[in-house]
Amino acid sequence: MKAEKALVIGTILGLALTLFSIVVLVDFDWMFWGAISAIIVGIFIGRLTDANPVRCTIISIFAYNLLVWVIIALFDSDAKIVLEFGNKAVVGVFIGFILSLIGIYSVIGSFSAFLARKTSRCRSDHEGYTK
């Protein structure tokens, strides 16, 4: 599958999983659910894309996390308080936290995409197929 289709599928899947966790599982730890959604997106992209699944996974996870954090910043009252706070350092710390969290999720997802790609190649090599 082409990388563009894998990016779109990964972004939509990650956005759906993350929004599902926000809407339905309010008492569940959202950082844990973010790691689970990054692993699921990484596995799907690792299985779907033909070339460079790690790069596609990083871009996809970055895109859907950025969309989710913008939605949270627009509609959550706590995020509005932080963003409207007069001190620029608080806003900088908030944005830095978001970017570091996206980076951690990207590393987790890219590692799962790498493993999914390698296991699919090993499985197909042992069955006599070549890619």
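The structure displayed is predicted, hence computed values, not measured ones.
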Task: Side-chain hydrophobic cluster, 4.5 Å single linkage: members besides Ile108 - done: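 Ile39, Ile43, Ile104, listed by chain and number.
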Task: With sequence neighbours excluded, residues passing side-chain hydrogen bond (donor to acceptor under 3.5 Å, both in side chains) with Ser37 - done: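 Only Tyr64 meet the side-chain hydrogen bond (donor to acceptor under 3.5 Å, both in side chains) criterion with Ser37.
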TODO: For Thr57, enumerate each residue passing the side-chain hydrogen bond (donor to acceptor under 3.5 Å, both in side chains) test, keeping only those at least two apart in sequence or located in another chain.
DONE: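 Thr57 satisfies side-chain hydrogen bond (donor to acceptor under 3.5 Å, both in side chains) with no other residue.
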[X], [Y]: one ILVMFWY side-chain cluster at the under-4.5 Å cut-off?
{"X": "Val68", "Y": "Phe97", "value": "yes"}
{"X": "Val41", "Y": "Val54", "value": "no"}
{"X": "Leu67", "Y": "Phe44", "value": "yes"}

- [ ] Quick one: list whatever passes side-chain contact (heavy atoms from CB on, under 4.5 Å) with Phe111, sequence neighbours left out.
- [x]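 Expected list: Leu115.
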- [ ] Just jot down the side-chain contact (heavy atoms from CB on, under 4.5 Å) partners of Leu99, sequence neighbours excluded, or say none.
- [x]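 Per chain and number, Leu99 pairs via side-chain contact (heavy atoms from CB on, under 4.5 Å) with Phe62, Ile95.
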Open item on the list: Please give me the minimum heavy-atom distance between Ala113 and Pro53, naming the atom from each residue.
Closed with: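 Taking every non-hydrogen atom into account, CB-O, 4.1 Å.
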Task: Heavy-atom closest contact (Tyr105 atom, Ile61 atom, distance) - done: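 It is O-CD1, 3.6 Å.
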- [ ] Verify, without hydrogens or angle tests, whether Ser110 (side chain) and Val107 (backbone) share a donor-acceptor contact under 3.5 angstrom.
- [x]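 Flag set: sc Ser110 to bb Val107 pair under 3.5 Å.
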Task: Ile45 backbone acceptor or donor facing Thr49 side chain under 3.5 Å - done: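 No; judged by distance alone, with no hydrogens or angles, the pair does not exist.
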Open item on the list: Does any part of the side chain of Asn65, heavy atoms only, come nearer than 4.5 Å to the side chain of Leu101, both counted from C-beta?
Closed with: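 A side-chain contact under 4.5 Å is absent here.
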Task: Inter-residue atom distance Ser112.OG - Arg47.CZ, 0.5 Å rounding - done: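 The distance works out to 11.0 Å.
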